[in-house]
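Report on the following structure.
Proteins come first, then strands; the chains are lettered A, B, ... in the order of their sequence lines, and each starts at number 1.
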2 protein chains.
Amino acid sequence: MRVDDLPEIRQLGLFASMSEEHFEELMKAAYLQNFPAQVELIGEGDSADFLFFVIEGCVELYGTANGREGVLALVRPVGSFILAAIMSDAVYLMSARTTKKSRILMIPAQNVRDAFEKDDGFARSIVVELAGYFRAVVKEYKDLRLRTGVERLANRLIKYHVSQGASGKVKLPCDKKTLASILGMTPENLSRAFGTLKAYGVSVDGGVVTLGDMKSLTVLAKPNPLIDDPST
Amino acid sequence: MRVDDLPEIRQLGLFASMSEEHFEELMKAAYLQNFPAQVELIGEGDSADFLFFVIEGCVELYGTANGREGVLALVRPVGSFILAAIMSDAVYLMSARTTKKSRILMIPAQNVRDAFEKDDGFARSIVVELAGYFRAVVKEYKDLRLRTGVERLANRLIKYHVSQGASGKVKLPCDKKTLASILGMTPENLSRAFGTLKAYGVSVDGGVVTLGDMKSLTVLAKPNPLIDDPST
DNA sequence: CCGAATTCTTGATTATTATCAATTGGATAT
DNA sequence: ATATCCAATTGATAATAATCAAGAATTCGG
């Protein structure tokens, strides 16, 4: 498949200030592929051979240790992942799998590093991208470290609510099993956390959650822009 | 105080490929200051006015939310902190305080950003630095998410043991209160975790820990280079 | 439509961690 | 030396979360 069909890639912050020539070169080396759901694209510990972009669908980044597994993030269109491993020329720290049928752009690591050496605009864009990644993980860390499960859920609901237009209803972006893992809890405890939030005006109907008492929910959640606001 | 007295700064990866001229410029704008212990250098939410380097002493990075506080990392000579906030021109996500008498180099954020624009080598070095930061936080996240307190302690002891020459003894790098916070637990639970590790050959005498049965300790800890090895 | 598989929920129990309280021990200052 | 402070430990209890088990609800393929 030709990559030229993807103007959204060219528009990405990462490539916006890259020269046309270098961009062409990168795209010539790139692969665009469709994957079914539940395909493991990379495994932690593998050497970083490709930089990935999610064009369509959704990819889950997760880690394993001591017999446990946890999802760190979902990547949706158009997002990249594991840029840091590429720039460090190191192994991946996280595994990645598709959660549904997905279209993925893969750029060989060496081409990315070559472009980084040749193209100053690209190098600077990578700084901005990595700084944003870093700050996002720090926020995840604080969320996990400083809040209980119920608080994490409450804040996540408020966050989704805002990003979806604050209509009073929230559409969950994934199934509850995955949401639980994103929030750092088991599915059982997510169910119970929803139960706890009933007293704060939260009612659940399948994948749709109604926030009926924002005031008391907010008192419980204590939302914090330094954790919850993706733009800070 | 003159910054020229600090050849170790020039040697840092961050500045190694920077032009002499731009480095001079940066250093001219920089402040070198001595702080006593327990001084709050920055507070989370403050706008990022300076990039910091620890020249001597030690600085603790910590975050607060929902009435709780947690240490994310200790920065020792010669390390920098909050580069990501500077490059994102955003507020600090973490607070920082000295844990002992420390000498700190501060470079105004705008000068750093100017140098980033002008000096391509510097821009590329920042990428490497940020990628390393990112990977370090991901490892912290996995450690916290996928391990129990006892496992975290066991792995930390093994890590210190290796970095200190694997003599069978480990000198703790800070008081136990701080260690507890770094490990994401309370001081009480750190005491109990040490108690649990007695059965695995670990004995504590003040700040010195003896590892008497590496084999069983390792079985318990299940060390993982993708979390514990700072060089991967 | 049915049946199989899976997700989701709920209950009971256990594990892990935090909190509160009391005490010990060492360091320091007067 | 004595008093004071604070880190560290220990015990008791409570909060939080994980695990195991069973059922209910939902999805999916035929």
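B/T186 comes within contact range of at least one nucleobase, with a heavy-atom separation under 4.0 Å. Backbone-only contact: A/D175 has heavy atoms under 4.0 Å from sugar-phosphate atoms and none from a base.
When only modelled atom types and interatomic distance are considered, A/D229 and A/T232 share no side-chain donor-acceptor pair under 3.5 Å.
Note that the two end axes of the helix from C/dC1-D/dG30 to C/dT30-D/dA1 enclose an angle of 40°, each drawn from 5 base pairs, rounded to 10 degrees.
A/N189 has a side-chain polar atom (N or O) that falls below the 4.0 Å cut-off from OP1 or OP2 of D/dA18.
Counting to the nearest Å, the C1' atom of D/dA18 and the CG atom of A/N66 are 15 Å from each other. We find that CZ of B/R192 is positioned 15 Å from P of D/dA14, with the value rounded to whole Å.
Less than 6.0 angstrom separates the ring centroid of A/Y133 from the ring centroid of B/F134.
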What are the atom names and distances for every N/O pair under 3.5 Å that joins the protein to nucleotides 26-29 of chain D?
none

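Taking 4.5 Å as the limit, some side-chain heavy atom of B/R68 sits within range of a side-chain heavy atom of A/T148.
Under the 3.5 Å distance criterion, the side-chain polar atoms of B/R147 are left unmatched by any main-chain donor or acceptor of B/L153.
By the 30° and 60° cut-offs, the orientation of the rings of B/F81 relative to B/F52 is parallel.
Looking at which nucleotide of DNA chain D each of A/G184 and B/S191 is closest to, the 5′-most match is held by B/S191.
For A/E44 and B/K142, the salt-bridge test passes: some basic side-chain N is under 4.0 Å from an acidic carboxylate O. Taking a cutoff of 4.0 Å between a charged side-chain nitrogen and a carboxylate oxygen, A/R156 and A/E140 qualify as a salt bridge.
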Practice task
Apply side chain to side chain donor-acceptor pair (under 3.5 Å) to A/S203 and A/D205, showing your working.
Solution key: CA-CA 7 Å; A/S203 54; A/D205 179 18; over 6 Å; no
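Geometrically, A/R97 engages A/Y62 in a cation-pi contact, judged by NZ or CZ lying under 6.0 Å from the ring centre and within 45° of the ring axis.
For DNA chain C, the outermost nucleotides in 5' to 3' order that have an atom under 4.0 Å from a heavy atom of chain B are C/dT17 to C/dC20.
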